[in-house]
Amino acid sequence: METDCNPMELSGVSGFEEAAELNGFEGTDMKDMRLEAEAVVNDVLFAVNTMFVSKTLRCADDVAYINVETRERNRYCLELTEAGLRVVGYAFDQVDDHLQTPYHETVYSLLDTLSPAYREAFGNALLQRLEALKREGQS
């Protein structure tokens with residue numbers, strides 16, 4: 001099951017778009033991968049044990065690194081670039097240059113492949129949001 005939708009997106013603007021507007025580069029092609037990485041973390045933090053942008057590995061305009069521990073207690077270091085997200089290490093702040101893992105267009109797709117517990121948490125959050133919308137529509 002590949003999910004490219006975030007149940008939390010149903011109610012507003014993504015963190016990256018907000019940050020872009022605040023930093024004055026709305027409407028330009030410039031992307032700061034650290035801002036993008038922070039938005040990624042905020043979108044899925046509800047469904048993993050821990051997730052944060054690496055403070056050890058360098059972030060630049062074209063790359064950022066995110067550490068994630070799934071609910072199964074597996075740790076990964078993720079690389080975020082224009083190509084997408086991919087696993088680059090199996091420990092926090094670890095980059096294995098010989099690791100050849102596929103890129104995923106979204107964090108949802110990547111976590112869906114790594115963590116059955118993420119998939120369950122995502123589905124439950126989506127269901128709760130849909131039930132809340134249904135209740136709002138009935139009142």
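When reading the values below, keep in mind they use all heavy atoms of this one structure, side chains included, and skip hydrogens, waters and symmetry mates.
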Exercise for the section: Could I get the full list of side-chain contact (heavy atoms from CB on, under 4.5 Å) partners for Ala47, not counting sequence neighbours? Expected result: Tyr118, Ala121
Exercise for the section: Have a look at Phe92 and tell me which of Thr56, Thr50, Val68 forms a side-chain contact (heavy atoms from CB on, under 4.5 Å) with it. Expected result: Thr50
Problem - Single-linkage hydrophobic cluster, 4.5 Å side-chain cutoff, Val95 and Ile66 together - result: no
Handout entry: 4.5 Å side-chain heavy-atom contact, Val44 and Leu111
Key = yes
Handout entry: Beyond-backbone contact of Val107 with Met51, side-chain heavy atoms, under 4.5 angstrom
Key = yes
Exercise for the section: Using side-chain contact (heavy atoms from CB on, under 4.5 Å) as the criterion, point out the one residue from Leu57, Leu99, Asp96 that pairs with Cys77. Expected result: Leu57
Problem - salt bridge (charged side-chain N to carboxylate O under 4.0 Å, His left out) involving Arg86 - partner list, sequence neighbours excluded - result: Glu79
Completion exercise
For Tyr90 and Thr101 the tightest heavy-atom approach is OH-CG2, 4.2 Å
Fill in the blank from the handout: Separation between NZ (Lys55) and CZ (Arg34), nearest 0.5 Å, reads 7.0 Å
Practice task
Quick one: pull up CG in Asn67 and OG in Ser54 and give me the separation to the nearest 0.5 Å.
Solution key: 5.0 Å
Fill in the blank from the handout: Here the salt bridge (charged side-chain N to carboxylate O under 4.0 Å, His left out) pairs for residues 68-78, sequence neighbours left out, are Glu69-Arg73, Glu69-Arg75
Problem - Reported CG-to-CG distance for the pair Leu78 and Leu110, which is rounded to 0.5 angstrom - result: 5.5 Å
Fill in the blank from the handout: Here the pair of heavy atoms bringing Ala125 nearest to Phe46 is CB-CE1, 3.5 Å
Problem - Met33 with Val87, same ILVMFWY side-chain cluster at under 4.5 Å - result: yes
Exercise for the section: Work out which heavy atom in Phe122 is nearest to a heavy atom in Tyr108; give both atom names and the distance. Expected result: CE1-CD2, 4.2 Å
Handout entry: Candidates Leu85, Asp62, Val63 - the one meeting side-chain contact (heavy atoms from CB on, under 4.5 Å) with Leu80
Key = Leu85
Practice task
Using side-chain hydrogen bond (donor to acceptor under 3.5 Å, both in side chains) as the criterion, list what pairs up with Glu120, not counting sequence neighbours.
Solution key: none
Practice task
Sequence neighbours left out, what passes side-chain contact (heavy atoms from CB on, under 4.5 Å) with Glu136? Give chain and number order.
Solution key: Arg129, Leu133
Completion exercise
Applying side-chain contact (heavy atoms from CB on, under 4.5 Å) to Glu131 and not counting sequence neighbours gives Leu127, Arg135
Practice task
Please examine the side chains of Val53 and Cys59, heavy atoms only from C-beta on, and report whether any two atoms are closer than 4.5 Å.
Solution key: yes
